[in-house]
Amino acid sequence: MSAARPDFQQLVDAHYQSLYRFALSLARNESDACDLVQQTFSQWARKGSQLRDPSLAKTWLFTTLRREFLATVRKSARYSGEPPGDDDAALEPHQAESIDAAEVMECLRKLPLEYREPLVLFYLQDVSYSEIAAILEVPIGTVMSRLSRGKARLRNLISDKNV
Amino acid sequence: MSENFDKTDALLARKLAEIAPPGDLRARLLSLEQRAKVVGEARHANWWARGISAAAALIVAGFVAFSIWPHGEPMSAATAELSEFLSSRFSLEMKAENSDHVREWLAANNPEHPVDLPAALAANNPIGCRELMWRGHRGTLACFSLGNGKEAHLAMFPDDTFANPPGSTPKVASAGKWTRAAWSRNGMTYMLFVPAGMDPVKEFLSVLGGQRTGKIASSSLRSTARPAVNASAGAARIASPVWT
């Protein structure tokens, strides 16, 4: 049984904040993030009706946003650079408590894209593992391994920040 | 996901959830549907139905646009953000083999306004075209190679994108690595970006669409550079632009 097709406003209200946070982790600044979200919903306004299964709307939106990002932004130096090590960091919750949201985003942005994407989607808590795999167009096993490594790297970054 | 979601994950997720989108983003997004309807109806309806539905939709869209974006976007913001975008590496939707391909693509992607590509610009080797989406406004971009690794980029948006469209005489401004000339023609605002140090008016705009330009208006943007602009041979004498 397929779900009822959500109207445009329902879709915006349900997902634009999560999409914005995902976009902000990919883009250089708020303005670029807003543009990515607008491009995504603009695509939906023009092509969304072609989606046969309305239950896939959320995955479609995240996938489209990611493709828009990859299509318009080069893989420049800020996405490579020297990544932090993989060693499992012993980050205690109280250490994470001491940094604010902007610092969390700053640490996420320091991660290579392959770890940043699944990690942000994971922390949005709005997207399942299988949906993350569909959005990133990789097998679910790859999602799991990237999440594991990404978490370790993120915790290292946060831990370093607290030193 | 709960089995792999520990206390630290929960904390980081909460931090991430604290990041709020800009206050006007939702309104901008909601207006996109109406715009898409207008374009879709204008393209697909029968001619008589098209006229009626487009008129109705335009009234609604006009009301929405008026209520949400009463003042349009500032040209200065477009210049600054486009210059930054053009300085990055970006993809093209269409790789052009010649300027006719560019003209055809621009015409197909700007059905509402006739595109007037400056002949002196079109004489250069075209690279390709792409769509632009800026602050919810749809535009198009054509890119040309000037040789020696230099490029010129012509961005086009409908005049109503901007609060202060530049008018028919090119306004010149410095924008980071670029010099930008902006002008309006037949409902479309053009922004030509050439490498800083080049004079876009002298090089490409001395004759616009077969008509000679008049006095160049001053820019509303600040610039520290003051390159000289000379009248090109054979073209109408052009007054030096005022750099403010």
Side-chain angles (χ1 to χ4, degrees), chain A residues 7-9 12-13 16-21 23-25 28 30-42 44-46 68 70-76 91-93 95-97 99-105 107-108 119-120 122-125 127-129 144 147-148 151 154-155 158, chain B residues 1-41 43-44 73 77-78 80-82 84-93 130-139 141:
Chain A
D7 69 24
F8 191 81
Q9 183 171 339
V12 168
D13 287 338
Y16 88 101
Q17 297 195 47
S18 293
L19 284 164
Y20 172 77
R21 289 172 192 132
L24 193 60
S25 74
R28 288 170 293 187
E30 284 186 8
S31 175
D32 287 353
C34 286
D35 284 350
L36 278 174
V37 178
Q38 287 180 125
Q39 285 168 21
T40 301
F41 278 105
S42 179
W44 176 269
R46 285 186 287 167
E68 288 286 337
L70 294 176
T72 56
V73 181
R74 67 176 164 183
K75 293 170 183 170
S76 59
L91 178 68
E92 298 298 326
Q95 288 180 286
E97 186 75 70
I99 69 169
D100 63 23
E103 288 173 318
V104 171
M105 183 57 79
C107 289
L108 281 165
L119 212 49
V120 172
F122 172 78
Y123 285 132
L124 289 176
Q125 293 185 277
V127 191
S128 69
Y129 288 129
M144 302 302 285
L147 272 176
S148 175
K151 278 189 192 181
L154 180 65
R155 290 173 191 214
I158 295 173
Chain B
M1 286 191 187
S2 58
E3 70 276 15
N4 290 326
F5 212 79
D6 62 23
K7 283 184 178 176
T8 305
D9 289 330
L11 198 61
L12 293 173
R14 277 208 306 278
K15 299 281 184 188
L16 200 61
E18 289 172 11
I19 296 172
D24 63 343
L25 180 60
R26 182 176 176 275
R28 289 186 183 196
L29 295 175
L30 293 179
S31 73
L32 293 173
E33 185 188 31
Q34 197 57 54
R35 286 165 175 246
K37 279 181 184 172
V38 172
V39 173
E41 285 165 8
R43 281 181 180 163
H44 300 302
E73 305 287 352
E81 291 173 26
L82 270 173
E84 189 182 343
F85 171 76
L86 294 173
S87 299
S88 70
R89 186 170 164 181
F90 52 88
S91 63
L92 295 170
E93 292 170 37
R130 61 162 291 153
E131 185 181 65
L132 294 171
M133 185 61 69
W134 177 70
R135 297 190 178 189
H137 302 279
R138 188 185 163 280
L141 179 73

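Throughout, a chain's letter reflects where its sequence line sits, starting with A, and its residues are numbered from 1.
- Looking at A:Ser18, there are no atoms closer than 4.5 Å to chain B (heavy atoms on both sides), in backbone or side chain.
- Of the atoms belonging to A:Tyr20, it is side-chain heavy atoms, and not backbone ones, that fall under 4.5 Å from chain B.
- The minimum heavy-atom distance linking B:Asp9 with A:Lys151 is given by the pair OD2-NZ, 2.9 Å.
- Interface summary for chain B: among A:Thr40, A:Leu119, A:Val120, A:Val37, the most heavy-atom pairs under 4.5 angstrom belong to A:Val37.
- The contact between A:Leu24 and chain B is made entirely by side chain atoms (from C-beta outward), counting heavy-atom distances below 4.5 Å.
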* **side-chain contact (heavy atoms from CB on, under 4.5 Å) evaluation trace for A:Ile158 with B:Leu12** => CA-CA 10 Å; A:Ile158 295 173; B:Leu12 293 173; 3.5 Å; yes

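- Once rounded to the nearest 0.5 Å, the distance linking CG of A:Leu19 with CG of B:Leu25 reads 9.5 Å.
- With a 4.5 Å cut-off on non-hydrogen atoms, A:Gln17 touches chain B through its backbone and its side chain both.
- Looking at A:Arg21, its side chain does come within 3.5 Å of a backbone N or O of B:Ile19 through a donor-acceptor pair.
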* Asked: Please walk me through it: do B:Thr8 and A:Arg155 pass side-chain contact (heavy atoms from CB on, under 4.5 Å)?
  -> CA-CA 9 Å; B:Thr8 305; A:Arg155 290 173 191 214; 3.9 Å; yes

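- Atom OH of residue A:Tyr123 and atom CG of residue B:Leu11 lie 9.5 Å apart, to the nearest 0.5 angstrom.
- Taking a cutoff of 4.0 Å between a charged side-chain nitrogen and a carboxylate oxygen, A:Asp100 and B:Arg14 do not qualify as a salt bridge.
- Per-residue counts of heavy-atom pairs under 4.5 Å with chain B were compared for A:Ala101, A:Ala23, A:Ser31, A:Ala102; the largest is that of A:Ala101.
- Within the 4.5 Å cutoff, no side-chain heavy atoms of A:Asp32 are placed close to those of B:Phe85.
- A:Phe8 and B:Leu30 get closest at one heavy-atom pair: CE2-CA, 4.0 Å.
- Contact annotation for B:Ala20: only backbone heavy atoms (N, CA, C, O) come within less than 4.5 Å of a heavy atom of chain A.
- Counting heavy atoms from C-beta on, the side chains of A:Cys34 and B:Pro22 come closer than 4.5 Å.
- Atoms CE and NZ, on A:Met105 and B:Lys15 in that order, are 13.5 Å from each other to the nearest 0.5 Å.
- With contacts defined as side-chain heavy-atom distances shorter than 4.5 Å, the pair A:Leu108/B:Leu16 qualifies.
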* To do: For B:Glu131 and A:Arg46, run salt bridge (charged side-chain N to carboxylate O under 4.0 Å, His left out): C-alpha distance rounded to whole Å, both residues' side-chain angles, the deciding distance at 0.1 Å, then the answer.
  => CA-CA 14 Å; B:Glu131 185 181 65; A:Arg46 285 186 287 167; 3.5 Å; yes

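- Residues B:Arg138 and A:Gln39 form no side-chain contact, since every pair of their non-hydrogen atoms from C-beta on lies 4.5 Å or further apart.
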